[in-house]
Amino acid sequence: MTIGGLRLATDFLNDLNEVQEAAVRHGDGPLLVLAGAGSGKTRVLTYRIAYLVKELGVSPRRILAVTFTNKAAEEMRRRIAALVGSDAGLAWVGTFHSMCARMLRIEARWGWWTPAFSIYDGTDQIDLVKECMEKAGVAASVFAPKAILSAISRAKDRLLTAQAYASEGGGYFEECVAKVYAEYEKGLVRNNALDFDDLIMRAVELFRENPPVLTAYSTRFEHVLVDEYQDTSHAQYALVNLLSGHHRNICVVGDDDQSIYGWRGADITNILDFEKDHPDARVLALEQNYRSTRNILDAAHDVVARNARRKEKKLWTERDAGLPVTLARVSNEYQEADAIRDAVLARVGEGERNYHDFAVLYRTHAQSRVIEDSLRRGGIPYDIIGGVRFYERAEVKDVLAYLRVIANPADGVSLARILNVPPRKIGEKSAERLAAAAAERGITLLEVLGVAVEIDGIPASAAKSATALAATFGRLRALAESAPAAEIVTKVVEESGYVTWLEGRKSEDASQRLANVEELVSAASEFIDASGEESLGAFLEQVSLVADIDRWDDQAIAVSLMTLHNAKGLEFPVVIIPGLEDGLLPHVSAYEDDDELEEERRLFYVGMTRAMDELRIFCADTRRRAGVTDMRAPSRFLDEIEPEHLETVSFAVARSRPAAGATPRRPARRARADVFPDYEGFSQEEVALAPGARVAHPTWGEGVVLDVSGVGPDAIVRVRFADDIEKRIMVRYGKLTPVTG
């Protein structure tokens with residue numbers, strides 16, 4: 001019998017290779033599984049849970065499995081259910097943050113928060129930090145609020161309270177951070193809110209300060225399994241060790257070669273030092289790759305093997321060698337983008353591929369613009385992962401602010417956001433007086449709205465609106481006690497007047513904003529259908545913890561565009577990595593730090609190992625940055641790939657026939673054959689005459705370069721000047737000069 005494609009019988013272990021089976025069958029005690037890219041780590045985790053339940057008789061209630069994204073957690077739950085059946089739902093399976101949020105709501109009586117606490121995202125945190133900086137006397141003109149918040153986040157990851165952080169001392173910046181941090185903690189308490197870092201930090205504090213609570217959880221969870229262990233922070237490391245401290249049945253799965261989140265607190269030493277923390281640990285390495293061809297794996301290993309801080313392993317596969325990894329050197333990012341476009345059109349036009357087979361993975365978001373422009377000209381559908389998140393759009397944040405005040409009346413940050421949205425005659429000065437009155441009386445901002453007529457200095461019109469808004473929240477809060485989340489969202493957009501306000505606006509984006517509000521209603525309905533949970537609080541928690549990748553539609557017929565960081569955990573038949581240049585990959589910020597340079601190397605390795613069948617790499621000789629064309633040097637990582645594993649090609653792509661169903665389009669400009677110019681001996685002015693560059697001519701004034709034919713002094717440059725006048729000018733005689741201002 002099979003369910004979801006997985007055998008549900010005692011012979012299900014036959015699906016595993018020898019090392020995978022050894023990991024699954026491991027009994028008690030610490031276990032480290034070094035799972036290389038594409039080696040089946042999710043299968044090992046899910047089969048191990050099934051083995052514990054079906055073969056060793058462990059109750060699913062006594063199993064805790066933690067990963068990093070909702071998408072990964074959902075996939076894990078689905079697979080476990082296919083193997084174990086309905087009892088799988090009894091196991092705790094989720095992300096670190098969702099698990100901690102669940103524990104903190106259950107155990108709220110031990111802390112200062114209530115079960116209805118809000119979870120603040122980056123925007124909310126910045127708003128609160130700005131307020132706290134003003135209270136602490138720290139000017140935003142001296143230190144950016146984001147810098148202050150980043151320092152507070154790093155402190156929380158080190159499990160330092162405001163008081164502990166202040167005691168460490170430091171320079172003037174640290175002194176200012178300590179003052180703001182103290183106010184920030186007060187602000188969170190006042191708003192009954194936690195931020196992302198708090199979810200982990202407060203859970204650790206809960207267990208350390210309340211031994212009975214720790215004993216209850218550490219004895220309950222007989223087996224603790226952690227996915228992507230290389231990405232754990234210090235706080236997450238402490239949490240895992242606390243929860244597994246009683247039974248010591250901790251199984252961690254990860255790959256030190258894929259540790260790429262050091263900039264947000266991930267500590268690679270957690271996985272490298274696992275055996276020091278657990279001297280009796282069993283260590284198994286999954287080295288058989290089921291994803292990529294041999295050529296891709298060999299090239300990727302050439303790169304990552306140069307790192308000093310890693311555990312030795314080498315991926316292998318039973319697949320054939322496959323197509324060679326190709327490197328194309330192009331003259332600039334415009335030619336790079338057109339070559340990517342033409343490669344996609346050629347493969348799709350030949351019937352070899354569909355658009356969703358392709359992923360373009362770049363180091364920085366800024367690289368996507370030129371690529372997007374070229375794909376649009378080619379009529380190629382694409383999907384960007386990691387741009388402005390749906391839940392961070394202004395109109396969505398507005399509606400969510402209403403919902404959060406309904407769920408958590410103490411949330412003054414959310415209420416302040418929508419006091420006058422839509423406009424209801426509560427101006428900035430009135431809002432300040434209301435907030436001050438709340439602080440003076442020791443009550444919430446929502447409570448102050450109900451007595452606004454008593455507050456000195458509040459105009460009658462503003463007081464009337466404030467009282468009406470308080471009444472609206474009263475009705476909605478009563479409704480939320482019994483109605484499902486989707487109904488509450490609908491009522492909010494109706495009773496607040498938000499939809500009517502959007503409909504009356506004349507802005508060009510009004511229809512799109514309305515569509516986003518409607519999509520939020522759909523999201524609430526989908527959440528109820530998927531989880532069976534109808535409460536507003538549960539929906540808001542899911543929204544707060546969703547990641548960029550969780551909303552990615554992997555079935556969309558579109559080329560996927562995303563950063564290398566966002567690509568972690570994904571796979572695609574064809575992967576294209578542009579921008580293999582020093583200063584971009586590796587990023588210039590890593591030049592002076594060996595650890596950061598090694599992380600950049602791991603990032604490239606992660607990108608390479610997303611590819612199943614084809615890997616194409618691009619390197620440009622020039623690239624515009626801040627309006628100035630810079631000479632670029634090929635990435636040092638390219639020199640680390642053995643010549644037999646990399647094929648450098650001339651990138652002159654023939655025009656392809658349109659793919660079936662492609663949008664009719666104007667003929668696209670072809671990539672030229674002369675894409676390997678030797679720029680030695682050229683002046684910076686000659687190099688700067690690249691497509692997109694601004695130039696000046698003594699007769700026609702300033703213009704923009706459209707095309708360049710040939711290289712060097714004899715190159716022909718096509719320039720568009722004012723009034724759409726286009727001229728073809730030879731560099732040698734044209735008297736063109738770059739405009740760099």
Side-chain angles (χ1 to χ4, degrees), residues 24 26-33 45-68 70 72-74 76-77 79-81 83-111 113 115 117 159 194 198-229 232 235-253 274 277-278 280-281 531-533 537-538 541 545:
V24 168
H26 175 75
D28 292 342
L31 171 65
L32 168 61
V33 180
L45 278 168
T46 54
Y47 275 50
R48 175 162 175 76
I49 292 172
Y51 180 78
L52 291 172
V53 174
K54 293 168 65 70
E55 303 297 327
L56 300 187
V58 177
S59 169
R61 295 178 183 274
R62 299 176 68 78
I63 295 173
L64 173 67
V66 192
T67 187
F68 276 82
N70 292 310
E74 180 56 36
M76 194 181 298
R77 281 192 289 266
R79 294 196 188 192
I80 295 169
L83 291 166
V84 175
S86 59
D87 285 349
L90 300 175
W92 278 40
V93 180
T95 65
F96 271 101
H97 292 94
S98 66
M99 292 294 188
C100 288
R102 182 177 177 181
M103 293 174 183
L104 292 173
R105 293 194 196 281
I106 293 172
E107 308 299 338
R109 66 188 183 279
W110 297 93
W113 55 91
F117 65 78
L159 300 174
L194 302 175
D198 272 326
L199 293 176
I200 311 297
M201 179 179 176
R202 300 303 175 190
V204 172
E205 285 182 352
L206 173 71
F207 293 137
R208 286 180 172 174
E209 296 174 4
N210 302 281
V213 180
L214 174 60
T215 299
Y217 281 91
S218 63
T219 54
R220 171 181 175 169
F221 295 126
E222 186 176 342
H223 287 270
V224 176
L225 300 93
V226 185
D227 190 14
E228 304 288 5
Y229 191 65
T232 52
Q236 290 161 341
Y237 164 85
L239 177 70
V240 168
N241 284 335
L242 285 167
L243 288 173
S244 63
H246 183 79
H247 293 289
R248 298 190 66 255
N249 293 329
I250 178 172
C251 168
V252 302
V253 180
F274 185 81
D277 295 334
H278 306 278
D280 57 336
S531 67
E533 175 63 66
E541 182 170 307
L545 300 178

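Below, all heavy atoms of this structure are taken into account, side chains as well, without hydrogens, waters or symmetry copies.
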Query - Verdict with reasoning, V33 to V252, per side chain to side chain contact (heavy atoms under 4.5 Å, CB included) - result: CA-CA 6 Å; V33 180; V252 302; over 6 Å; no

Query raised in the report: Can you tell me if R105 uses its side chain to pair, donor with acceptor, with the backbone of P115 under 3.5 Å?
Result: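 Judged by distance alone, yes, a pair lies under 3.5 Å.
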
Query - For R48 against G27, the heavy-atom pair lying closest together - result: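 Answer, listing the atom of R48 first, then G27: NH2-O, 3.1 Å.
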
Query - Shortest non-hydrogen separation from L206 to E107 and the atoms involved - result: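 Closest heavy-atom pair between L206 and E107: CD2-CB, 3.8 Å.
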
Report task. Would you confirm whether N249, through its side chain, and E222, through its main-chain N or O, come within 3.5 Å as a donor-acceptor pair? Result ->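 A pair under 3.5 Å: yes.
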
Report task. Please examine the side chains of F68 and T95, heavy atoms only from C-beta on, and report whether any two atoms are closer than 4.5 Å. Result ->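 Of all side-chain heavy-atom pairs linking F68 with T95, none is under 4.5 Å.
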
Requested in this report: Could you tell me the separation between the CZ atom of F96 and the CD atom of E228, rounded to the nearest 0.5 Å?
Outcome: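 Reported value, rounded in 0.5 Å steps: 10.5 Å.
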
Requested in this report: Could you tell me whether E541 and R102 make a salt bridge, using a distance below 4.0 angstrom between a side-chain N and a carboxylate O?
Outcome: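 Here E541 does not pair with R102 in a salt bridge, since their nearest N and O are not under 4.0 Å apart.
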
Query raised in the report: Got a donor-acceptor contact below 3.5 angstrom from the H223 side chain to the L225 backbone?
Result: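 Between the backbone of L225 and the side chain of H223 there is no qualifying donor-acceptor contact (under 3.5 Å).
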
**Report entry** Rounded distance (nearest 0.5 Å) linking atom CD of E205 with atom CG of L239
**Finding:**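 If I round to the nearest 0.5 Å, the distance is 12.0 Å.
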
**Report entry** Heavy-atom pair with the smallest gap, counting every atom of Y217 and L243
**Finding:**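 The pair with the smallest heavy-atom distance is CB-CD2, 3.9 Å.
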
Requested in this report: Return the minimal non-hydrogen interatomic distance between L194 and L199, and the atom names on each side.
Outcome: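 The answer is CD1-CD2, 4.0 Å.
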
Report task. Anything under 30° is parallel, anything over 60° is perpendicular, the rest tilted; go ahead and classify W113 against F117. Result ->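 Rings of W113 and F117: perpendicular, over 60°.
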
**Report entry** Gap between atom CE of M103 and atom CD1 of I106 - 0.5 Å precision
**Finding:**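 Here the interatomic distance stands at 8.0 Å.
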
Query raised in the report: Between atom CH2 of W92 and atom OG of S98, what is the distance when rounded to the nearest 0.5 Å?
Result: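 So the gap between those two atoms works out to 9.5 Å.
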
Query raised in the report: Between D227 (side chain) and V66 (backbone), is there a donor-acceptor pair under 3.5 Å?
Result: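 No.
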
Query - salt bridge (Lys or Arg N to Asp or Glu O under 4.0 Å) pairs, two or more places apart, involving residues 207-219 - result: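 Every pair satisfying salt bridge (Lys or Arg N to Asp or Glu O under 4.0 Å) with a residue in residues 207-219: there are none.
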
Report task. State whether the side chain of R62 and the backbone N or O of T219 hold a donor-acceptor pair below 3.5 Å, judged by distance alone. Result ->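 Pair found, side chain donor or acceptor close to backbone of T219.
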
Requested in this report: Using a strict 4.0 Å threshold on nitrogen-to-oxygen distance, state whether R248 and D280 make a salt bridge.
Outcome: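 Salt bridge flag = yes for D280 with R248.
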
Query raised in the report: For A65 and M76, which heavy atoms make the closest approach, and how far apart are they?
Result: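 Smallest heavy-atom distance, with atoms named: CB-SD, 3.9 Å.
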
Requested in this report: To the nearest 0.5 angstrom, please state how far the CG atom of L104 sits from the CE atom of M201.
Outcome: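 Reported value, rounded in 0.5 Å steps: 12.0 Å.
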
Query raised in the report: Roughly how far apart are I250 CD1 and H278 NE2, rounded to 0.5 Å?
Result: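 If we round to the nearest 0.5 Å, I250:CD1 and H278:NE2 are 4.5 Å apart.
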
Query raised in the report: If every non-hydrogen atom of A235 is compared with every non-hydrogen atom of V204, which pair is closest and at what distance?
Result: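 Result for this residue pair: O-CG2, 3.7 Å.
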
